[in-house]
Enquirer: 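Attaching a single structure in structure tokens format; questions to follow.
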Protein chains: 2
Amino acid sequence: MQKQRARTAPAVKTPAGKAPARKRRRLQRAEREQMIVKGAIRFFAEHGFKGQTRELARRLGITQPLLYRYFPNKNALIERVYEEVFVARWNPEWETWIADRTQPLHARLVRFYQDYTRNILNYEWIRLFLFSGLEGLEINRRYLRFMRDRIWSKVIAEIRFENGRPSLEEEPASETEIELVWAVIASIFYIGVRRWVFGLPVPEDLDAIIEDKVKGFLEGAPAAMAAPAKSANAPRVRPRDL
Amino acid sequence: MQKQRARTAPAVKTPAGKAPARKRRRLQRAEREQMIVKGAIRFFAEHGFKGQTRELARRLGITQPLLYRYFPNKNALIERVYEEVFVARWNPEWETWIADRTQPLHARLVRFYQDYTRNILNYEWIRLFLFSGLEGLEINRRYLRFMRDRIWSKVIAEIRFENGRPSLEEEPASETEIELVWAVIASIFYIGVRRWVFGLPVPEDLDAIIEDKVKGFLEGAPAAMAAPAKSANAPRVRPRDL
DNA sequence: CAATCTAATAATCACTTGATAACTTAGCTC
DNA sequence: GAGCTAAGTTATCAAGTGATTATTAGATTG
């Protein structure tokens with residue numbers, strides 16, 4: 001709670017020719033909005049969500065209050081950024097591809113992983129995802145849950161099917177299985193972290209890397225999954241502090 | 001440049017019994033300093049370096065100006081946090097262990113990687129390292145350079161020696177070699193990211209995982225390194241946007 | 001080309017936030 | 001236990017920062 005000082009109408013009077021008077025460019029509402037969102041995505045990916053609205057406006061070449069004509073507050077703009085990057089870029093066909101049993105599993109997975117990689121392996125996605133994770137934001141958890149429910153479970157189901165093992169309804173996914181499926185994306189994600197967080201050089205031919213990973217995955221995973229999970233049900237401890 | 005208003009001495013007069021008057025606990029200078037540093041490490045690991053000094057002070061149970069009796073400004077405190085986490089925790093023996101040819105290479109590497117993992121796989125290190133990377137801070141780059149020069153190069157040198165290949169003086173480390181050495185730590189680091197950034201469960205037995213990774217590394221790396229680097233000298237492109 | 005609509009700006013508010021200066025007092029010394 | 005030293009607090013500054021209000025002006029319409 002903070003006391004609201006009674007706002008006395010300030011009676012603005014332009015001091016007749018003083019400020020540099022920026023040339024005012026008038027855009028269609030939808031067009032300007034899109035421009036703001038696009039700029040905000042880049043801006044927040046660079047500076048995190050604590051980046052300042054004034055600085056964002058400056059980079060967009062507009063005044064800061066204009067942002068508030070398009071979004072009620074800063075948080076609404078941030079929400080929109082998430083929507084645009086994590087939700088709108090989600091390809092619903094991924095689930096279809098993975099489950100399409102007219103194709104060999106290897107081909108399905110390579111197709112999915114390659115397309116998914118194109119989706120997330122860019123400056124904006126990687127950094128925004130990290131920022132949202134570091135702040136413990138709900139969007140981040142939601143995305144990870146979604147990924148697990150929609151993608152990983154399907155991948156596991158298909159591998160089980162391929163190897164004549166029980167369905168997920170009969171036997172829920174083990175930690176080992178989830179772990180193995182995670183590992184593929186993890187290594188791809190980490191390429192992005194190295195590139196856009198640590199500024200390190202990264203390998204060139206992503207498609208080839210993904211094909212390698214999927215190959216290794218399909219060679220090793222089924223056996224590991226079928227095994228009675230030597231450490232899968234072992235207690236999970238915390239390495240150190242907390 | 002910002003104009004400095006001439007500070008008129010405000011002649012503070014305590015309003016004789018008004019504030020809740022916190023019980024003042026007086027510590028030795030060194031003791032208080034250590035307490036502040038320790039609290040700051042945790043605090044900045046949670047909130048990033050944009051976390052506010054007032055909030056930090058509140059969590060320490062002290063007043064905010066007291067911080068400025070120990071550090072000239074916020075940045076000095078941040079520098080100290082880095083010093084404490086990234087520099088002071090560096091174990092100079094690591095380099096010795098790796099190069100100690102009285103021991104088998106496998107044992108040396110397992111010993112190093114396990115100890116190094118204990119060093120970095122904790123809430124504070126992982127998150128502070130990410131925050132510093134996201135902000136593009138010099139400490140981050142410096143650490144990575146240091147790691148490459150002091151550790152990776154030695155690991156590569158030892159593997160070369162083990163396999164009767166030319167020394168690093170005769171033939172500088174290839175991208176492939178660096179890539180392979182990186183991969184081991186990368187997968188360990190990523191366990192920390194999953195745990196302390198994304199809040200996901202992680203495998204329990206780190207020592208076993210590391211032993212596996214080192215084993216895999218020593219089985220695969222020498223051959224891959226010796227190969228004429230099929231993609232090592234290939235141009236490195238950027239996946240998408242920038 | 002004047003009327004009208006609304007995108008865009010200028011001015012400013014209320015609160016935040018790193019930092020400083022003046023004042024207070026815990027606790028040690030003799 | 002008076003006096004002193006320095007650890008700690010109170011009050012406050014000035015620039016920063018999200019948000020609001022009143023005004024200006026670019027484009028479209030008839």
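In the text below, chain A, chain B and the rest are named by the order of the sequence lines, each starting its count at 1.
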Enquirer: Is the shortest side-chain N to carboxylate O distance from A:Glu33 to A:Arg29 below 4.0 Å?
Expert: no
Enquirer: Would you say the ring centers of A:Tyr143 and A:Trp125 fall short of 6.0 Å from each other?
Expert: yes
Enquirer: Identify, between A:Asn75 and B:Pro65, the residue whose nearest nucleotide on DNA chain D lies closer to the 5' end.
Expert: B:Pro65
Enquirer: Could you tell me the separation between the CZ atom of B:Phe71 and the P atom of D:dA7, rounded to a whole number of Å?
Expert: 13 Å
Enquirer: How about A:Tyr82 and A:Phe49: are their ring centres within less than 6.0 Å of each other?
Expert: yes
Enquirer: When Watson-Crick pairs (N1 to N3 and N6-O4 or O6-N4) and G-U wobble pairs (N1-O2 and O6-N3) count only below 3.5 Å on both distances, what is the dot-bracket string of DNA chain C, with | for other-strand pairs?
Expert: ||||||||||||||||||||||||||||||
Enquirer: Which nucleotide, C:dA7, C:dA19, C:dT9, lies nearest any side-chain atom of B:Lys74?
Expert: C:dA19
Enquirer: On the side chain of A:Gln28, is there an atom forming a donor-acceptor pair with the base of C:dA7 - under 3.5 Å, no angle test?
Expert: no
Enquirer: Using a distance-only criterion (donor-acceptor N/O pair, under 3.5 Å, no hydrogens), is the base of D:dG18 paired with the side chain of A:Arg54?
Expert: yes
Enquirer: Is it true that, when you exclude B:Glu138 itself, more than 12 heavy atoms of the residues, nucleotides or ligands shown sit nearer than 6.0 Å to its CD?
Expert: yes
Enquirer: Could you check whether A:Arg69 gets within reach of a base, just the sugar-phosphate, or nothing at all, counting any heavy atom under 4.0 Å?
Expert: base
Enquirer: The criterion is salt bridge (Lys or Arg N to Asp or Glu O under 4.0 Å); which residues satisfy it with B:Glu55, sequence neighbours excluded?
Expert: B:Arg58
Enquirer: Measure CG/B:Leu77 against P/C:dA19 and give the value in whole Å, please.
Expert: 10 Å
Enquirer: Would you say the side-chain atoms of B:Gln114 pair up with the backbone N or O of B:Asp207, donor to acceptor, closer than 3.5 Å?
Expert: yes
Enquirer: Which residues pass the salt bridge (Lys or Arg N to Asp or Glu O under 4.0 Å) test with A:Glu95, sequence neighbours left out?
Expert: A:Arg150, A:Lys154
Enquirer: Answer with yes or no whether A:Arg26 presents, from its side chain, a donor or acceptor under 3.5 Å of a partner atom in the base of C:dT6.
Expert: yes
Enquirer: Considering every strand and a 4.0 Å limit on heavy-atom distances, what is the contact class for B:Tyr70: base, sugar-phosphate, or nothing?
Expert: sugar-phosphate
Enquirer: Atom CD of A:Glu31 to atom C1' of D:dG26: distance rounded to whole Å?
Expert: 14 Å
Enquirer: Give the rounded distance in Å between these two atoms: CD of B:Gln64 and P of D:dA11.
Expert: 14 Å
Enquirer: How many Å lie between CG on A:Leu66 and P on D:dT23, as a whole number?
Expert: 19 Å
Enquirer: Within this structure, what is the NE2-to-P distance between B:His47 and C:dT17, rounded to whole angstrom?
Expert: 12 Å
Enquirer: With respect to the phosphate group of D:dG18, does any side-chain polar atom (N or O) of A:Thr53 fall under 4.0 Å of OP1 or OP2?
Expert: yes
Enquirer: Is B:Arg59 positioned over the aromatic face of B:Phe43, cation under 6.0 angstrom from the ring centre and no more than 45 degrees off axis?
Expert: no
Enquirer: When the distance from CG of A:Leu60 to P of C:dA8 is rounded to whole Å, what number comes out?
Expert: 11 Å
Enquirer: With a cut-off of less than 4.0 Å, is there a side-chain N or O of B:Tyr68 near OP1 or OP2 of C:dA19?
Expert: yes
Enquirer: Which nucleotide wins on minimum distance to the side chain of B:Gln52, given the candidates D:dG18, C:dA19, C:dT17?
Expert: C:dT17
Enquirer: Rounded to whole angstrom units, what separation is found between the CZ atom of A:Arg32 and the P atom of C:dT6?
Expert: 17 Å
Enquirer: Quick one: does A:Arg24 reach the base of D:dT24 with a side-chain donor-acceptor pair under 3.5 Å?
Expert: yes
